[in-house]
Amino acid sequence: MEQYELYCLVDRYFYDVPAHGVEHPDFAVCARPVPDGWDHVAGDLWMHYAPRAMSLPPQGWKIHVSSGLEDADRTLSTVWDYCVRRGLPFKFLRSEAVMVMMNSKAAVRGSSGKLVTVYPSDEAQLELVLKELDEQLVGIRGPYILSDLRYADGPLFVRYGAFTERHCLSETGERVLAVEDPTGRLVPDVRGPVFATPPWVRLPSFLETHLAARNAVTTNELEYEIESVIQFSNGGGVYLGHHRDTQARVVLKEGRPLAGLDVDRRDAVARIQHERAILERLRGLDVVPAAHGYFVLGDHHFLVQEFIDASPLQRLVVGRYPLTRPDPSPTALQEYTDWAVAMLDRVERAIQSLHERGVVFGDLHPDNILISVDDRLVLIDFEVATLAGQQAHSALAHPGYVAPPGRKGVEADRYALACLAIGLFAPQTTTLLQVHPGKAQQLADLVTETFPVPEATIGRAVATITGVPRPDRLPSGLPMPGRAPWADVRAAITRAIVAAATPDRDDRLFPGDVAQFRPGGGVNLAYGAAGVLYALDRTGAGRFPEYDDWLRKHAQDPAIGLGLYDGLHGVAHVLAELGYREDALDALDRCLAMPLESNELGLHSGLAGIGLNLLHFADEPGLRAAATRVIDLVADRLGRVDDVPEISGEGNPRAGLMFGSSGPALLFLHAYERSGDPGLLDLAETAIRQDLRRCVRDEAGTLQVNQGWRTLPYLEQGSAGIALVLDRYLRHRHDGELAEDLAALQRVDRCGYFVQPGLFMGRAGLIAAAALTGDETTDLIRGLAWHALPYADGLAFPGNQLLRLSMDLATGSAGILLALGAALHEQPGALPFFGPPTAASGPSPTDVRKEV
């Protein structure tokens with residue numbers, strides 16, 4: 001998962017690359033002149049240096065140097081001097097701000113802790129560099145890099161892996177980074193949180209003693225036995241265990257030294273020691289888990305706590321929340337309201353009991369509130385709790401519940417309680433208050449319109465959040481979808497998109513998801529300029545020659561990949577739609593030169609999207625044959641219906657439109673519509689049934705993608721995308737069973753709430769799918785008000801994670817504009833290849849879908 005918080009450091013409104021300026025300066029070593037004969041590439045996160053004439057192998061043993069914050073400058077200076085003198089390629093994190101985020105509690109735990117990477121040319125050089133750097137870095141302490149093997153007891157770690165970027169398909173059919181095995185075949189370069197080598201790689205003999213030292217640390221001598229993992233973070237795990245003698249069950253909370261940093265630069269050990277002291281101060285309170293012990297194992301600290309058989313409040317909300325079910329009755333709304341108001345009162349009393357002991361919780365949110373099987377309410381996770389007299393601001397709070405800088409001490413807890421009062425009825429939306437605090441009153445109005453909650457309850461919450469009895473609302477003239485005329489809504493969204501444009505930048509034209517900062521991401525269809533310009537054009541919002549020129553220029557970027565939504569095929573498609581056919585054909589020529597074998601099957605990045613775009617240009621010389629080749633590749637790799645597991649994701653291939661089998665099904669359908677070959681319809685049916693195999697019906701009768709721990713209704717990986725393709729299939733071949741499945745897939749359109757508004761993983765995708773399949777969209781459109789925000793005299797929407805606004809197609813305002821256009825525009829727009837189906841040109845009969 002991307003670290004969205006890292007991209008929130010720069011701008012209040014939009015995700016952006018980490019700042020390298022006055023507020024977040026680069027490390028001093030970045031200002032050194034590039035050595036003569038060296039190349040230097042400055043990335044958003046990493047600074048890369050390499051001798052110009054040197055040719056490294058594509059893979060091998062690499063050295064990672066770890067460091068704590070206080071030693072970072074010394075470490076960088078030492079490694080720079082060493083590597084430059086010896087002609088060793090290296091890279092390092094460019095600033096302290098980046099270093100903190102890459103080692104924060106939410107960071108990727110396997111790779112976290114790396115400050116520098118050094119690339120030896122062979123094993124002999126590996127041994128020499130480790131020996132010499134270890135001598136020069138004496139006294140440096142850094143977090144343990146979990147994916148690596150530690151050398152001696154200093155800050156050096158090693159791992160075998162790729163030096164250059166190559167790709168292959170994983171066991172789940174996804175494109176991943178690769179290394180080459182002895183036969184020359186590319187296989188996944190596994191980067192997990194445990195040290196491991198590829199099967200054919202022998203550990204160098206000089207590292208064997210270091211591996212033995214690592215394996216010597218076990219839990220066998222502890223008085224507690226670990227049974228299972230409750231959760232992991234970069235700061236350490238939380239484990240379920242029991243006392244070996246008494247068998248009493250306990251929770252063991254781990255703190256990794258120098259890892260899991262918070263905004264106050266404290267590591268997980270400092271926080272766990274602090275939590276121990278806070279729990280001692282609160283001992284005897286029923287709303288706090290008892291502390292049973294504390295021990296240290298291999299530098300890792302463990303706090304032993306009372307085990308409580310319970311569920312987080314967040315899970316209870318998900319299970320009870322009526323708006324995620326179709327057509328909730330007034331009784332269901334009343335029952336949920338009564339439960340939520342009572343729960344809010346209980347949490348408030350629990351927080352008050354802490355305040356009476358002089359403690360501020362500092363991290364109140366639904367995942368830190370447990371309700372036990374015997375209905376006991378318990379607050380957990382006191383790592384950032386403070387004493388009331390300190391008047392401190394929370395160092396590690398949930399973004400939807402973190403108080404503004406002026407709210408300190410007990411006022412920070414009261415702010416979080418007020419957010420909980422709204423969040424129980426509008427889950428996750430209090431995150432929007434970071435972007436626009438005035439959203440609180442409008443959320444309150446929507447809550448009281450929807451639920452029979454006492455206005456006084458919500459009114460108190462709004463007053464606490466805003467700090468005034470009668471707070472300002474969002475601008476009264478803001479045209480809300482489903483309430484204002486379509487032309488006004490379209491104009492407002494367009495104003496916001498245009499106001500956010502940055503044509504002077506090369507990395508992106510319109511601010512969007514953090515994925516746009518990957519190579520070529522600012523140009524592509526999903527997250528870049530191509531998608532925004534496509535949406536503006538298809539909805540009649542206007543043409544912008546300056547922005548067209550930006551796209552045409554940056555479409556030449558050699559870093560752009562191949563896929564439809566994340567690469568050059570999507571850019572070519574949009575260029576042709578905008579009237580720049582020669583530019584599009586030039587882009588397609590570049591596409592034809594790229595290899596296909598390492599591409600997955602899906603619509604987003606893989607062969608299905610590539611094949612559809614080649615079919616679109618099939619009248620051009622050579623492209624029909626290229627399309628046929630791709631169709632054959634997809635058919636050969638599709639498999640049977642039962643070749644896919646019943647769970648999507650979680651280590652299995654994903655289902656759905658963008659990454660699952662519905663994308664190949666759409667390719668086969670378009671090929672059938674051109675050729676009339678019924679075998680293509682058979683392939684489409686197989687692909688659709690593969691995705692339906694990974695769906696599950698709930699008690700409300702909706703059919704959604706089953707991820708094991710949750711179900712998904714969305715366009716990207718959920719039921720809405722499958723419904724779009726199944727509807728197209730049924731327009732060619734009637735099947736009563738599949739028609740019933742389509743009705744169950746579409747039933748989710750009658751739900752009232754979706755956590756995010758975007759096209760791929762939010763409400764807008766439901767709107768687009770419903771519009772294209774002829775289902776009702778009125779209530780879905782009106783529901784966009786939950787997330788609508790003002791920006792620059794226009795209307796905008798937050799992207800994924802709701803932390804910042806987005807203007808892109810996949811996650812932001814352009815996608816919402818396109819979805820509204822599909823429902824409301826006089827010439828309904830749609831995603832590429834979702835226009836009206838055409839009759840097959842061959843002799844195969846076409847059956848019109850019949851009503852169930």
Side-chain angles (χ1 to χ4, degrees), residues 104-106 224 230-231 233-241 250-296 300-308 310 312-313 346-372 376-398 401-403 407-417 419-420:
S104 68
K105 185 175 181 179
Y224 298 98
I230 297 175
Q231 69 177 40
S233 77
N234 188 41
V238 180
Y239 308 94
L240 177 63
V250 294
V251 170
L252 299 100
K253 188 170 183 178
E254 176 188 22
R256 295 177 56 216
L258 302 172
L261 304 179
D262 60 28
V263 296
D264 288 336
R265 298 343 195 215
R266 297 185 305 170
D267 69 358
V269 169
R271 287 197 306 275
I272 206 169
Q273 290 173 333
H274 175 73
E275 181 168 10
R276 177 190 186 187
I278 291 291
L279 290 181
E280 288 298 328
R281 185 183 182 100
L282 298 174
R283 182 177 291 277
L285 286 183
D286 188 57
V287 297
V288 175
H292 292 328
Y294 193 93
F295 63 90
V296 179
H300 291 216
H301 291 234
F302 290 84
L303 174 62
V304 185
Q305 298 182 27
E306 171 190 9
F307 167 70
I308 301 159
L313 179 58
R346 293 179 65 187
V347 175
E348 188 170 3
R349 293 199 304 270
I351 292 295
Q352 181 59 37
S353 69
L354 267 58
H355 292 174
E356 291 170 357
R357 294 276 186 101
V359 172
V360 176
F361 189 24
D363 195 16
L364 177 68
H365 60 84
D367 276 319
N368 279 351
I369 303 166
L370 299 184
I371 307 299
S372 73
R376 175 187 170 196
L377 186 149
V378 181
L379 305 174
I380 61 168
D381 207 350
F382 286 82
E383 291 182 5
V384 295
T386 59
L387 301 183
Q390 294 174 318
Q391 284 293 292
H393 187 261
S394 179
L396 198 68
H398 185 289
Y401 295 81
V402 61
R407 310 289 183 90
K408 299 179 180 180
V410 296
E411 292 303 317
D413 277 352
R414 289 171 182 153
Y415 180 93
L417 276 167
C419 290
L420 183 66

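The stretch residues 250-264 participates, sequence neighbours left out, in these salt bridge (Lys or Arg N to Asp or Glu O under 4.0 Å) pairs: Lys253-Glu275, Lys253-Asp381, Lys253-Glu383, Asp262-Arg266, Asp262-Arg271.
When the salt bridge (charged side-chain N to carboxylate O under 4.0 Å, His left out) test is applied to Arg376, the partners found at least two apart in sequence or on another chain are Asp286, Glu306. Every residue meeting the ring pair (Phe, Tyr, Trp, His ring centres under 6.0 Å) condition with His365, not counting sequence neighbours, appears here in chain and number order: His398. Partners of Glu356 according to the salt bridge (charged side-chain N to carboxylate O under 4.0 Å, His left out) rule, which considers only residues two or more places apart in sequence or in another chain, do not exist here. With sequence neighbours left out, the side-chain hydrogen bond (donor to acceptor under 3.5 Å, both in side chains) criterion links Arg414 to Glu411. Every residue meeting the side chain to side chain contact (heavy atoms under 4.5 Å, CB included) condition with Glu348, not counting sequence neighbours, appears here in chain and number order: Leu417.
Distance check: Leu282 CG to Ser353 OG gives 8.0 Å after rounding to the nearest 0.5 Å.
Within the 4.5 Å cutoff, side-chain heavy atoms of Val251 are placed close to those of Val238. Looking only at side-chain heavy atoms (C-beta outward), Leu377 and Arg346 come within less than 4.5 Å of each other. At least one side-chain heavy atom of Pro366 sits less than 4.5 Å from a side-chain heavy atom of Tyr401. Asn368 has its side chain out of reach of Leu313: every pair of non-hydrogen atoms, C-beta onward, lies at least 4.5 Å apart.
Because its NZ or CZ atom is both nearer than 6.0 Å to the ring centre of Tyr294 and within 45° of the ring axis, Arg276 counts as a cation-pi partner of that residue.
The main-chain N or O of Phe361 is found under 3.5 Å from a side-chain atom of Asp413 such that the two form a donor-acceptor pair.
Counting all heavy atoms, side chain and backbone alike, Gly409 lies closest to Val360 at O-CG1, 3.3 Å.
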